[in-house]
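Just so it is clear, the values below take in all heavy atoms, side chains as well, and ignore hydrogens, waters and symmetry mates. The chain is numbered in sequence order, starting from 1.
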Amino acid sequence: MRIIFFYMLLGVLTADGLMVFLTPVIVYQLTTSIEYAGLTYALWWLPRLFLIPLIGKYIDDLGVRPISIISDSCKIIGCLFLLLTYFTSDLMIAISFGLVGSLISIGNSQTLISYEKIIALISHDREHHINIMSRIDFLGMIIGPLIGIIFIDFGYQYLIIIPCVFYFINAIFFLFFYIRKDINNDNKNNLEEGMIFTKKFIYIISSPILLFSIFIAIGNNMFDGLIESSGTALIDQAMSLPIKYYGFIDIVAGIFGVLGTYLYSYLNQYISRILLIIISISIITISSSLLVFFQSSITIFIICYAISIIGKVFSGNILRLLRIEVIPINQLASISSLMILLNQMILPIVGGLLFFSTGEITFIYTLMIIAIGITLINGILLVMCLKRCTISS
């Protein structure tokens, strides 16, 4: 694969990282409310659940290029709306940032699914390029929030111009420079190509590997979602620190994520996939548990969350590879998008629970414990399933 693909990916994911930082910080800064922050987070994810399966289907049917251009255009329009709108109430702030955030998150999923498809189609070293894709994802998590921390005191309106520029550059790239025809014309009459939603769902739940993969992602997403949606409140109320410190969580986590991709690349040469999953689940469970038990220290909070990201790098890479290996390539984007829908359905639920909660910090930590349990149980089940497959083969 040409290096230009990964430069474009870095630009888009940096813009996404900046918006992910800005949204909870600005909403909490303007409303000082956990409930409104939860509402924003629910709106951030809810539309995504309805549109992601369609995005995957159209990536398979129409190709990466037109969907990427449309996605970037929608994100630009959303950012310009936040830039130009005068907000008159806390509810308007929460809804506006939530709905625009949904455009960002939908576009983020489209980007990652598209690059999975591109790697499956043209890469001669899928494991290496999947790892680079993860590395760039975490680099975006570092650079985006760092830009936000440095310039947020000048006003969020100026910051929103930056992602607009990055999205525009990516749209131009796919409009004029990405010319590969990756539509599966030869498979139009193939039975797999004609899978309807129900058949795809049955296909997923009939595969234990895919099913346990979904639940591991549910646990990880639930925990990360609680950090993203209520991290500012935890920093303000449990640690009594300025809320812009929230950005350091993403930055340190991003640094550890990048380190995790190098560690994964090294260990993958010497350790089996099953052992890597065991290491991954152990890291996630232990570090996340320590974060919950030591609630008043931002140092422990950041370090433990960052270490958990290393485990999520391992599991994320392996789960992506399992999808590419198990799912037929002509249905990869559509079935992957349905899996993403299933494992991200927890996120608007998390936002809704926070919106209807009383704003108690203990409630947030209780949800974190539940998330850790989901990841641990399904990690064990996936390891057992892969061991059975290894023995039978």
Side-chain angles (χ1 to χ4, degrees), residues 112 116 120 126-127 130-131 133-134 199-226 257 260-261 263-292 304-305 307-329 331-332 335-347 349-350 366-393:
L112 297 177
E116 283 184 20
R126 291 174 176 175
E127 194 148 22
I130 284 289
N131 197 40
M133 180 177 163
S134 295
K199 289 184 178 179
K200 291 172 186 174
F201 181 76
I202 293 172
Y203 177 85
I204 291 171
I205 64 174
S206 64
S207 170
I209 290 176
L210 297 181
L211 189 61
F212 297 143
S213 297
I214 288 171
F215 278 100
I216 290 173
I218 286 175
N220 289 342
N221 286 337
M222 182 177 178
F223 193 90
D224 291 344
L226 288 164
T261 63
L263 184 59
Y264 174 86
S265 180
Y266 175 77
L267 292 177
N268 191 49
Q269 302 175 57
Y270 305 103
I271 296 177
S272 69
R273 182 177 292 179
I274 291 175
L275 185 53
L276 276 173
I277 294 176
I278 294 172
I279 293 172
S280 166
I281 300 302
S282 300
I283 292 173
I284 293 169
T285 302
I286 294 170
S287 59
S288 299
S289 298
L290 289 173
L291 183 153
V292 172
C304 287
Y305 183 59
I307 291 173
S308 76
I309 295 298
I310 294 178
K312 290 167 187 175
V313 169
F314 289 9
S315 63
N317 284 355
I318 292 170
L319 298 185
R320 277 196 176 111
L321 286 168
L322 288 174
R323 285 205 299 268
I324 290 175
E325 293 171 359
V326 172
I327 301 171
I329 193 169
Q331 286 290 307
L332 179 62
I335 294 179
S336 291
S337 64
L338 179 56
M339 290 180 65
I340 291 171
L341 180 150
L342 294 173
N343 67 48
Q344 291 181 346
M345 285 180 68
I346 192 65
L347 296 172
I349 295 174
V350 167
T366 300
L367 293 178
M368 288 182 179
I369 293 171
I370 294 171
I372 295 168
I374 293 171
T375 297
L376 176 61
I377 292 170
N378 287 279
I380 293 171
L381 292 173
L382 179 61
V383 168
M384 293 171 61
C385 180
L386 290 175
K387 282 185 175 180
R388 284 199 302 269
C389 291
T390 301
I391 293 172
S392 62
S393 61

Check whether any side-chain heavy atom of [X] lies under 4.5 Å from a side-chain heavy atom of [Y], and answer yes or no.
X: I284; Y: S315; answer: yes
X: N317; Y: M133; answer: no
X: L210; Y: L322; answer: no
X: I271; Y: I279; answer: yes
X: L276; Y: L267; answer: yes
X: L112; Y: R320; answer: yes
X: I218; Y: F215; answer: yes
X: I307; Y: L290; answer: no

Tell me, please, which residues at least two apart from Y264 pass ring-ring contact (aromatic ring centres under 6.0 Å, His included).
F314
How many angstroms lie between [atom1] in [X] and [atom2] in [Y], if you round to the nearest 0.5 Å?
X: R323; Y: S213; atom1: CZ; atom2: OG; result: 8.0 Å
X: I283; Y: I310; atom1: CD1; atom2: CD1; result: 6.0 Å
X: I309; Y: S288; atom1: CD1; atom2: OG; result: 8.5 Å

Check: [Y] main-chain N/O paired with [X] side-chain donor or acceptor under 3.5 Å:
X: N221; Y: I346; result: no
X: S280; Y: G311; result: yes
X: S265; Y: T261; result: no
X: S206; Y: Y203; result: yes
X: T375; Y: N220; result: yes

Salt bridge (charged side-chain N to carboxylate O under 4.0 Å, His left out) contacts in which one or both residues fall within residues 217-226, not counting sequence neighbours
D224-K312
Check against side-chain contact (heavy atoms from CB on, under 4.5 Å), I324 and I130:
CA-CA 10 Å; I324 290 175; I130 284 289; 3.9 Å; yes
Does the pair R126 and E325 meet the rule for a side-chain contact (heavy atoms from CB on, under 4.5 Å), with working shown?
CA-CA 10 Å; R126 291 174 176 175; E325 293 171 359; 6.0 Å; no
I'd like to know whether L382 forms a side-chain contact (heavy atoms from CB on, under 4.5 Å) with I281, so could you lay out the CA-CA distance, the side-chain angles of the two residues, the decisive distance to 0.1 Å, and finally the verdict.
CA-CA 10 Å; L382 179 61; I281 300 302; over 6 Å; no
Of L342, L341, L338, which is the lone residue that meets side chain to side chain contact (heavy atoms under 4.5 Å, CB included) with I214?
L342
